[in-house]
Amino acid sequence: MSAPRHRLLVVDDSNVIRRRIERANELPQIEFVGAARNGLEALEMHALLHPTLVTMDLTMPAMDGAECVAKLVQRDPELRILVISALADKLTAIDALEKGASGFLCKPFSDRQLNDAMRKLIGD
Amino acid sequence: MSLETEVGVFVDGVLNYFSTTVQQGAQCGTPHLALNDMPELADYTGVIQVSGKRTGLVAFTAPKSMLSVMLMRMQETDMSHENLSDLAGEIANTLAGNARREFGQQFQISVPVLHPDRATALPYPSASRPIVIPIDWRNYHARLIVCLN
């Protein structure tokens, strides 16, 4: 089994979703390092934990995901961000990608869909 | 968009949610307008406020037992009040967010709020009639309530 090469930060205001993403990860290359409840927390956790991957919700209190994506990418252009959101319209997905996200997964998602999206994110 | 089409958007969302998230399909009963009585609420109700081109709310209300089994199906071991509330809110959020596929970006949704009390009516917009979509999953009964101006 290969050692983890990617450090994952999960950002979502739902505890159920944060824990589910952590549990569902089947990829040995990815190590879960932390979780944040909103964009502001995500910025703090990024500085502390130095993740290489982030899953990002969009609709969150304090700082929404779109603003947080833009700030994280400005700070760390190599960071790979998978937006995981229920906002299912195309313009929202395009907007997230233009702000620097690397991928978009629509809620609801199955564990398999999540792992497929993560696999694409790390280019495996 | 006709009322029938609008309701269909939410029904499709419900069916997709259950088959994807808990891998067990749900059935939706006949959607109906709440005319005289306000829809009955269950143990947990997650509410999303809608603003933009449409205003109003989307709410998902379900019994504790149903939400507990849904969490189990998601391999979740924490059945606390906080997690049950969180799930009710997350379902409302997902169903409202998915509706943007048809309603567009101007269908703006809030973060989920847990409605505190079964006995208190939801904050329906004035001069509006809630649409109730009954949801049957396993032996449990929940409702999606959509009330938009």
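The analysis underlying the following values was restricted to heavy atoms, covering all of them including side chains, and did not include hydrogens, waters or symmetry mates. A, B, ... follow the sequence lines: proteins, then strands. Residue 1 opens every chain.
Under the 4.5 Å side-chain heavy-atom criterion for ILVMFWY residues, a single connected hydrophobic cluster contains both B:Leu84 and B:Phe18. Linking ILVMFWY residues whenever their side-chain heavy atoms come closer than 4.5 Å, directly or via other members, places A:Leu49 and A:Val69 in the same cluster. Grouping the Ile, Leu, Val, Met, Phe, Trp and Tyr side chains by contacts below 4.5 angstrom, directly or via other members, places B:Val111 apart from A:Val10. B:Leu67 and B:Met79 fall within the same hydrophobic cluster, where Ile, Leu, Val, Met, Phe, Trp and Tyr residues are linked whenever their side-chain heavy atoms come under 4.5 Å apart, directly or through other members. Cluster membership for B:Ile145 and B:Tyr140, using ILVMFWY side-chain heavy atoms within less than 4.5 angstrom, is not shared.
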Pair A:Arg19-B:Thr77, side chain to side chain contact (heavy atoms under 4.5 Å, CB included): steps then yes or no: CA-CA 10 Å; A:Arg19 286 169 57 93; B:Thr77 54; 3.6 Å; yes
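Between atom CG of residue A:Asn15 and atom OG of residue B:Ser80 there is a gap of 7.5 Å, rounded to the nearest 0.5 Å. Taking CG from A:Asp12 and CG from B:Asp86, the interatomic distance works out to 8.5 Å, rounded to the nearest 0.5 Å. How far CG of B:Asn83 is from OG of A:Ser14: 7.5 Å, rounded to the nearest 0.5 Å. With values rounded to the nearest 0.5 angstrom, B:Thr20 atom OG1 is found 6.0 Å from A:Gln113 atom CD. Here the CD1-CD distance, from A:Ile17 to B:Glu90, works out to 4.0 Å after rounding to the nearest 0.5 Å. Distance check, rounded to the nearest 0.5 Å: OG of A:Ser85 to CG of B:Asn93 gives 7.5 Å.
Using modelled atom types, no side-chain atom of A:Asp89 and backbone atom of B:Arg100 make a donor-acceptor pair closer than 3.5 Å.
Residues B:Glu76 and A:Arg20 are not paired through a salt bridge, judged by the lack of any N-O separation under 4.0 Å between the basic side chain and the carboxylate.
For A:Arg37, the CZ atom counts as loosely surrounded, since its 6.0 Å shell holds 12 or fewer non-hydrogen atoms of other residues, nucleotides or ligands. Within 6.0 Å of atom CZ in A:Arg112, 12 or fewer heavy atoms from other residues, nucleotides or ligands are found, so the atom counts as exposed in its surroundings. In B:Asn139, the CG atom is not crowded: 12 or fewer heavy atoms of neighbouring residues, nucleotides or ligands sit closer than 6.0 Å. Crowding of B:Gln105 atom CD: a count of heavy atoms from other residues, nucleotides or ligands under 6.0 Å exceeding 12.
Using a 4.5 Å cut-off on side-chain heavy atoms (C-beta onward), A:Pro108 and B:Asn16 make contact. Side-chain contact between A:Thr59 and B:Pro112 is absent, with no heavy atoms from C-beta onward closer than 4.5 Å.
Across B:Gln23, B:Glu102, B:Glu82, B:Met74, the residue that shares the most heavy-atom pairs under 4.5 angstrom with chain A is B:Met74.
No part of B:Ser19 comes within reach of chain A, as not one of its non-hydrogen atoms sits under 4.5 angstrom from that chain. The parts of B:Ile109 that come within reach of chain A are both its backbone and its side chain, each placing non-hydrogen atoms under 4.5 angstrom from that chain.
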